[in-house]
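The structure appears below as structure tokens.
Chain letters run A, B, ... following the sequence lines, proteins first, then strands; residues in each count from 1.
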Amino acid sequence: MTEEIKKEEVHLNFLEEIIEADLQSGKYKSIVTRFPPEPNGYLHLGHASSICLNFGLTQKYPGNTNLRFDDTNPVTEDTEYVESIKDDIRWLGFTWKHELYASDYFDTLYEYAIDLIKKGLAYVDDSTSEEMAMMKGTPTEAGRNSKYRDRTIDENLELFRKMKDGAFEDGTRTLRAKIDMAHINMLMRDPVLYRIKHAHHHRTGDKWCIYPMYDMAHGQSDSIENITHSICTLEFVPHRELYDWLIEKLNIYPSQQYEFARRNINYTVTSKRKLLQLVNEGHVAGWDDPRMPTISGLRRRGYTPESIREFCNRIGIAKRENIVDVGLLEFCVREHLNRIAFRRMVVFDPVKIIITNYTGFGELLASENNPEDQSTGSRGIPFGKELFIERDDFMEDPPKKYFRLAPGQMVRLKSAYIIKCDEVIKDVNGDITELHCTYIPESKSGNDTSGINVKGTLHWVTAAKAVEVEVREYDRLFKVENPSGGEGDFKDYINPYSLKIVKGFAEPAIMDAKLSDRFQFMRKGYYCLDKDSTDTKLVFNRTVTLKDAWAKEVKKG
RNA sequence: UGACCCAUGGUGUAAUGGUAACACUACUGAUUUUGGUUCAGUCAUUUAUGGUUCGAAUCCAUAUGGGUCAACCA
């Protein structure tokens, strides 16, 4: 065996290139990244991408990743979100080195602010936000200096201390950086660093009534943690100048910010604001509604961490605008589920079959749990005289290439016998009520001596032993590819048929289903047990359908 | 009508001055006790125009198109 091991071609993304260069040049011996969510909503697919990126980088290169909550706005943040975020990251399979909070640094950040004031680089402004907006200028016109801009250092120190001590009402004063009101980058036009908010913080309680703004907190937190590569999305590109300015003026550890394009996915929205709206206005049942692109929604829907990580891997990262096809996500989950899901038979829209020549009783047939993995063994399926098959697996007047059941036509029942349809029984309305069939005793699965070859194989259940279950079939939440891109409100494009609840008749083995199990209901799709299940009523979520070449064929006509 | 970012098959991502490629999708066919899976194959790509160069997706210029920036949000 001297077979040449083909070296897998490795494509580095632009961040990996930067990191490899930094490692090679000796700029860093190891790297530190961070995932910095604001605890004001649940994590979604977009975050998954960022998580896989930040944690993935330090799995690939020496270093580690912190989880840091960017909790500088007490009004919108809550510990509920902290917990869900931690759960989701763990579920995705990542482990952070330190669990940190920007609020841990409030004392340090306050000192930093004092430092800036002492250096003459920050001042307290009494302008209202309206006044400030007015004086900000526009992208093409310079702004004007605030009349409070030239206060003395001592005056600023005194006023900032009073701000901290609660002497002022919300919104009456801010601390601003003193940079340049004519700067071409609007973020450099004396950005607000601190604002007054007499609000209860989920961690610091009522200790503070002034809170740092993003720009005064994020980069500084990065610096305190010695983050080497601070990775964020493209909309922060203009912030980088301010990020660098503050680090330089404060003379603290020079973390560096890099930006990549957030991933957009068609037929969905990934904006916390919009997701919150869907939840609050009752368009979905909650953050973990299986139609939501949240991690908790996907988890409940039956997606596996592996499939989500694979998805993030495949879409990669870059700097250009993009809309990823949700079909790729579905491909990834099918690929994984095909390998791990146990096969079960469930009939959704049953039509009864009577096997007129069957006289057996209590016959138990063996069927493999997963043909992709023989080690998973098999389970028993009871056979009987009266069965259910899927109503659309029978046609009285079939088109050619229809391999299913039709008058005079034979099919195999999966893991059982070949049957032939002899007679169609209808009610007064002409609707089919029963199909009378005969079975071929010699065609028993695994022991077939009949010599008959049939093209079609159907799933089925024994009527008397069937377990009735509830099945929730999900479709995409939005009718259009880009719900946020069109005219009007994104909610105008909500798909009213995104949830369909149907009944299913399952083989008895389904009774053993556990919450963590994944199933393939044969010829239908992948399903998992929902937490709404009770001892007497099993509820299943459809994760994704199987690919259906026949449906496509029918559509084409 | 300022600045900044970006532009490669339908989609996403590579190729880092030297033969434009991989995956998904779509389409053919084979295999199949899941019209699933698997396997084989097909279609399809450098925004435009100039320039530099023996040679440009790559460097330069201009144009065009898309995105971002005027929250006491992050």
Side-chain angles (χ1 to χ4, degrees), chain A residues 9-13 17 36-38 40 70-73 75-77 125 127-129 132-134 136-141 143 170-176 183-187 189 191-197 210-211 213-215 217-218 232 234-241 259 261 263 266 272-273 314-332 334-335 338-339 343 345 367-368 371-372 401-404 411-416 418 443 445-446 448 453-459 520-525 545-554:
Chain A
E9 243 181 277
V10 276
H11 312 298
L12 299 184
N13 64 47
E17 279 175 9
E38 185 189 9
N40 68 346
D70 243 346
D71 55 350
T72 56
N73 186 0
V75 181
T76 57
E77 295 153 7
D125 193 334
S127 306
T128 64
S129 61
M132 275 176 52
M134 212 118 79
K136 187 110 187 183
T138 70
T140 53
E141 296 166 58
D170 285 10
T172 56
R173 276 169 186 81
T174 57
L175 181 74
R176 290 228 258 170
H183 201 107
I184 203 75
N185 179 351
M186 301 219 26
L187 276 154
R189 320 243 261 228
V192 172
L193 264 20
Y194 262 91
R195 77 286 216 192
I196 303 171
K197 272 181 197 279
I210 56 170
Y211 293 92
M213 296 287 289
Y214 167 84
D215 291 300
H218 195 96
C232 61
L234 246 28
E235 68 265 32
F236 291 98
V237 169
H239 289 255
R240 189 173 61 228
E241 198 169 6
E259 311 87 11
R263 319 318 308 207
N266 60 8
K272 273 198 263 185
R273 203 194 90 248
R314 282 178 183 249
I315 61 181
I317 67 136
K319 294 186 80 153
R320 64 172 146 157
E321 299 295 318
N322 59 81
I323 301 181
V324 180
D325 192 342
V326 70
L328 184 61
L329 213 213
E330 294 175 347
F331 166 82
C332 291
R334 283 192 188 105
E335 186 188 45
N338 177 50
R339 296 202 312 268
R343 271 54 171 176
M345 294 202 281
S367 190
E368 53 202 345
E372 306 292 319
K401 295 212 297 193
Y402 184 80
F403 306 140
R404 308 178 185 184
V411 290
R412 169 168 298 280
L413 297 177
K414 173 69 186 171
S415 296
I418 293 173
S443 67
S445 197
D448 188 349
N453 253 328
V454 292
K455 197 90 169 125
T457 301
L458 306 185
H459 63 283
Q520 183 195 107
F521 292 174
M522 295 196 77
R523 302 208 303 136
K524 286 296 179 183
T545 61
L546 250 31
K547 283 216 290 193
D548 191 347
W550 174 244
K552 216 180 265 181
E553 190 75 24
V554 170

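Of the P atoms belonging to U53(B) and U58(B), the separation is 16 Å, rounded to the nearest Å. Across the C1' atoms, C5(B) and G9(B) are found 24 Å apart, a figure rounded to whole Å. Straight-line distance between the C1' atoms of U19(B) and G51(B): roughly 25 Å, to the nearest whole Å. A distance of about 42 Å separates the P atoms of G67(B) and G29(B), rounded to the whole Å. As rounded to the nearest Å, A40(B) and U25(B) have P atoms that lie 15 Å from one another. Of the P atoms belonging to U49(B) and C43(B), the separation is 25 Å, rounded to the nearest Å. A15(B) and A21(B) are spaced 15 Å apart, taking the P atom of each and rounding to whole Å. Spacing of P atoms, G17(B) relative to U11(B), comes out at 27 Å, to the nearest Å.
Counting atom types as modelled, Ser415(A) pairs no side-chain N or O with a base atom of U33(B) as donor and acceptor under 3.5 Å. A donor and an acceptor atom never sit less than 3.5 Å apart when one is taken from the side chain of Arg523(A) and the other from the base of U34(B). For Arg343(A) against U34(B), a side-chain-to-base donor-acceptor contact under 3.5 Å is present.
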Carefully, step by step, assess Trp550(A) and Arg404(A) under the rule side-chain contact (heavy atoms from CB on, under 4.5 Å).
CA-CA 11 Å; Trp550(A) 174 244; Arg404(A) 308 178 185 184; 2.9 Å; yes

Evaluate the side-chain contact (heavy atoms from CB on, under 4.5 Å) criterion for residues Arg412(A) and Ser443(A): first the C-alpha distance (whole Å), next the side-chain angles of each, then the deciding distance (0.1 Å), finally the verdict.
CA-CA 9 Å; Arg412(A) 169 168 298 280; Ser443(A) 67; 4.2 Å; yes

Report the C-alpha separation of Leu546(A) and Arg334(A) in whole Å, then their side-chain angles, then the decisive distance to 0.1 Å, and conclude whether the side-chain contact (heavy atoms from CB on, under 4.5 Å) test is met.
CA-CA 8 Å; Leu546(A) 250 31; Arg334(A) 283 192 188 105; 5.6 Å; no

Test side-chain contact (heavy atoms from CB on, under 4.5 Å) on Asp448(A) and Ile418(A) and set out the steps.
CA-CA 9 Å; Asp448(A) 188 349; Ile418(A) 293 173; 4.2 Å; yes

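Of the candidates A14(B), U37(B), C24(B), U37(B) carries the atom nearest the Lys547(A) side chain, counting heavy atoms from C-beta on. Of the candidate nucleotides A14(B), A26(B), C24(B), A14(B) has the atom nearest to the side chain of Ala318(A). Taking the side chain of Arg263(A) as heavy atoms from C-beta on, and the options G12(B), U37(B), U34(B), the nearest nucleotide is G12(B). Side-chain proximity of Leu546(A) to the nucleotides G36(B), A26(B), A14(B) is greatest for G36(B). The side chain of Lys552(A) lies closest to A26(B), out of C4(B), G12(B), A26(B). Of the candidate nucleotides G12(B), U33(B), U34(B), U34(B) has the atom nearest to the side chain of Pro371(A).
The CD-P distance, from Gln520(A) to G35(B), rounds to 10 Å in whole Å. When the C1' atom of G12(B) is taken as reference, atom CD1 of Ile323(A) falls 12 Å away, rounded to whole Å. Between Lys319(A) atom NZ and G67(B) atom C1' the separation is 13 Å, expressed in whole Å. Distance CZ (Arg240(A)) to C1' (C5(B)): 9 Å, rounded to an integer number of Å. One atom, CD of Glu141(A), and another, P of U1(B), lie 12 Å apart when rounded to the nearest Å. Rounded to an integer number of Å, the gap from His11(A) NE2 to A57(B) C1' is 16 Å. In this structure, CG of Asp325(A) is placed 15 Å from P of G9(B), rounded to the nearest angstrom. Atom P of nucleotide C4(B) and atom CD of Glu321(A) are separated by 18 Å, given to the nearest angstrom.
A stem is defined here as three or more consecutive Watson-Crick or G-U pairs, each with both distances under 3.5 Å; for RNA chain B these stems are B:2-7 with B:64-69, B:10-13 with B:21-24, B:26-30 with B:38-42, B:47-51 with B:59-63.
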Atom pairs under 3.5 Å, N or O on each side, protein against nucleotides 39-41 of chain B: can you list them with distances?
none

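Asn73(A) places a side-chain heavy atom less than 4.5 Å from the side chain of Arg195(A). A 4.5 Å side-chain heavy-atom check between His218(A) and Thr72(A) finds every atom pair outside the cut-off. Met186(A) is not listed as a side-chain neighbour of Pro238(A), based on a closest heavy-atom distance of 4.5 Å or more. With a 4.5 Å cut-off on side-chain heavy atoms, Lys414(A) and Arg523(A) do not count as touching. Contact annotation: the side chain of Arg343(A) never approaches that of Glu368(A) to less than 4.5 Å [non-hydrogen atoms, C-beta and beyond].
A pairwise comparison of heavy atoms in Val411(A) and Leu458(A) identifies CG2-CD1, 3.8 Å as the closest pair. Residues Asn266(A) and Val326(A) share a closest heavy-atom pair of OD1-N, 2.8 Å. In this structure, Asp215(A) and His239(A) approach most closely via the heavy-atom pair OD1-ND1, 2.7 Å. The two residues Cys332(A) and Arg314(A) make their nearest non-hydrogen contact at SG-CD, 3.8 Å. In terms of heavy-atom proximity, Asn338(A) sits nearest to Gln520(A) at OD1-NE2, 4.4 Å.
Close to U33(B), at under 4.0 Å from its OP1 or OP2, lies no side-chain N or O of Lys455(A). Contact annotation: Arg404(A) does not reach the phosphate of G35(B) (side-chain N/O to OP1 or OP2, under 4.0 Å). For Arg314(A), no side-chain nitrogen or oxygen approaches OP1 or OP2 of A14(B) to under 4.0 Å.
If you check every strand for non-hydrogen atoms under 4.0 Å, Asn13(A) touches sugar and phosphate atoms only. Among the protein residues, Tyr402(A) comes within range of the nucleic acid bases, having at least one heavy atom under 4.0 Å from a base atom.
Of the residues near RNA chain B, Gly446(A) and Leu234(A), the one whose nearest nucleotide (by heavy atom distance) lies more toward the 5' end is Leu234(A).
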Does the protein touch nucleotides 69-74 of chain B at the base, only the backbone, or not at all? Give it as B, S and - per nucleotide, heavy atoms under 4.0 Å.
SB-BSB

